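See structure below.
Side chains included, hydrogens not; waters and symmetry mates left out as well; all remaining heavy atoms used. These figures come from a predicted structure and were not determined experimentally.
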Amino acid sequence: MALLQGSQISLAYGDRDILDKVSIQLNEKTRAALAGANGCGKSTLMKILCGLIPPDSGTVSRTDETVAAYLPQTGISFGNATPPEEAEKGFERFRLLEEEKERLEARTAEAGADWEKAARRAHEIEEILLESGYYHRREQIGRVLKGLGFRESDFTKPSGAFSGGWQMRIALARILLSRPHILLLDEPTNYLDMETREWLADFLNKYEGGILLISHDRYFLDVTVNETYELFNGKLKRYRGNYSSYEKQRKEEIDLLIRRAALQQEEIERSRQYIERFRAKATKAASVKSRERMLEKMTIIEIPDNLKKIHFRFPPAPHCGKEALIIEALRKSYGTHEVIRGLDLVLRSGEKLAVTGVNGAGKSTLLRILAGKDAPTSGKVRCGTDVRIGYFAQDYENDLNARLTVQEEAEAAAPAELRPKVNSLLGAFLFSGDDIQKPVSVLSGGEKNRLTLLKLLMQPANLLILDEPTNHLDLHSKDVLLTALKDYTGTVVFVSHDRAFIQGLATAVLDLTETGARLYGGDYDYFLWKKAQTAADPPAPAVRNGSPAPSGRSSAPQPAAPESRGAAAGDDHRRQKEQRNLINRLQKESETLLAQIDDTEAELKRLHAEWAREECYSDPQKSAAVAEAVRAAEAEQERLTARWEAVEEELAAARKG
């Protein structure tokens, strides 16, 4: 079996331990997420496992046949070769095997003692090539590139002519086609839209090798992994279950850590008060000295910054009319290429409208037009009475002054009444201490995103237009932003490729396609169901619940119940509902089993501790009773683990549909 193993890996940068005696074992059945705060060393660990950088100490080993491949977050660029030509390089190791087979076949024609050995090896290689699909690689290349969003017309363009995000898609295609035994993917969803994320999740669920994933997309992780490794303060810990299960377990641990830290601080404060009060009293000298020694030896429980959540709310939206936006016959073209076609829409105040569509469908273009940053080719966009717009652009870095510090940038954007509170607001967005004096130019993508959101927060608005606001945010920050937007009383128009974020926020969905736009009233789950039902309908302008809106316009309605479209649609919906119910049932059973496994592990730990006590091992009768309890607990743990693994297999099959 293919096996990749890191043992006791340590790495430090200066006086900071990035990895501290980390051990991990990956095989062809691994389906794991690698979690942790930004900058904790996740990418570093992946690079060490693939041999790209050496550790300070520890070893990385693999079985002879193991092939592992790593996809970095960024930094891959191409030249004049076309996307299919670059993707075909993923078959390089199979091409080398084909050459070896040809040499062996030529040798079998010669007389010699190694004839049988050469024939066996040639047959072995042929089996590998057949299994890999090497002889049908052109078809595979086409399927993978199309799955990742490329069109046939893109296949003849130089790869270097594509944007950085599309070049990373080419790199992803190449690594998927190389079929390594173990895939290490560092933020593979960063440059993918909703459709290509779903395609990639399906591909990975069917993939026969092992997978280790870093991603900030909770839904993507939930449908692709069954265990999570968390890197925290240089240590690596494994959690069973999908990503949401890991988050639930981790939250309980963090809550306990925070309570312990608070209790410790109370104890420290009491000891310090005692020391100050009785330091001068000779009769208390020994007691004071004892408490001082206790404080010196105490290991302080610190809550790392990444566990401190952002706490913020958007200010109350200024009052405005019932209609936030009115769009009439909106068109936008670039030369002969028409991006937006005759869009009519009335957006009511308080709606949370998600704009969806494949890359290139015109989502960002539409948002720029709505924000007044770009002009339509024809048609009109009118704001309702007293509407004030706040706009978050996908290229938000252009709105930041790289020469200023974080504090200066925030103060420059703050209205006069908020300037005295700037430092407090920065603290709420996790900029504190020396961080506020950092130049904007050295901030990470997530830090720049948070600073831009803070600037937006300080300008009261009742219509927020947000283009990919979750880019570069970790999952904790996404959750806080989602909560703030759900509580926001104004109107929101947004684009996001994070499915969980859209599901949590949208009250209506505007879907942009090559043939026009269609409005779906209701949440994202309704949109997915309705789109599946109306897939065969002819294209139409924005519609209301599947029917044209009166007067050529459409108003985003309140969520409505899906209407019947005949027996076939009803059966289809029932099947989808049954599948969702099955997935939910299996997920709950998996979580229950994990809790029972944890309880059994805790009981085993208690029994082993009891077994080690002198009064136990010196009493044969008591020792035998504890030994029997240990055997029973181990048997129960084995039974629970076997059932959990079976449930996870059922769950994976149910998700594949």
### Carboxylate-amine/guanidinium contact Glu411 Lys455, below 4.0 Å
no

### Query
Between Gln503 and Asp525, do the side chains contain an N or O donor and an N or O acceptor separated by less than 3.5 Å?
yes

### Sequence neighbours excluded - side-chain hydrogen bond (donor to acceptor under 3.5 Å, both in side chains) pairs with any residue from residues 270-279
Glu269-Gln273, Tyr274-Ser287, Glu276-Arg279, Arg279-Glu292

### Query
Does anything in residues 212-226 pair up under salt bridge (charged side-chain N to carboxylate O under 4.0 Å, His left out), and if so which pairs, sequence neighbours excluded?
Arg197-Asp217, Arg218-Glu247, Arg218-Asp479

### Query
Does Ala35 have any side chain to side chain contact (heavy atoms under 4.5 Å, CB included) partners at least two apart in sequence or in another chain, and if so, which?
Thr228, Tyr243, Tyr246

#### Entry: N-O pairing of Glu296 and Arg293 below 4.0 Å
no

#### Entry: Partners meeting side chain to side chain donor-acceptor pair (under 3.5 Å) with Lys251 (sequence neighbours left out)
Asp255

## Note on the structure
From the list Leu481, Leu485, Val495, side-chain contact (heavy atoms from CB on, under 4.5 Å) partner of Leu466 resolves to Leu485

### Query
Any cation-pi pair here, Arg31 with Tyr207, using under 6.0 Å and within 45°?
no

### Query
Any side-chain donor-acceptor pair under 3.5 Å between Tyr219 and Asp498?
no

### Query
Among side-chain atoms of Asn242 and Ser245, is any donor-acceptor pair under 3.5 angstrom?
no

### Query
When rounded to the nearest 0.5 angstrom, what is the spacing between CG in Leu172 and CG in Leu183?
9.0 Å

### Message
Using the side chain to side chain donor-acceptor pair (under 3.5 Å) criterion, which residues pair with Gln5? Sequence neighbours excluded.
### Response
none

### Message
Could you check whether Thr592 and Gln596, counting side-chain N and O atoms only, form a donor-acceptor pair closer than 3.5 Å?
### Response
no

### Summary
Across all chains, not counting sequence neighbours, the side chain to side chain donor-acceptor pair (under 3.5 Å) partners of Gln437 are Gln407

### Query
Should the pair Arg450 and Phe431 be classed as cation-pi, given the thresholds of under 6.0 Å to the six-membered ring centre and 45° from the axis?
yes

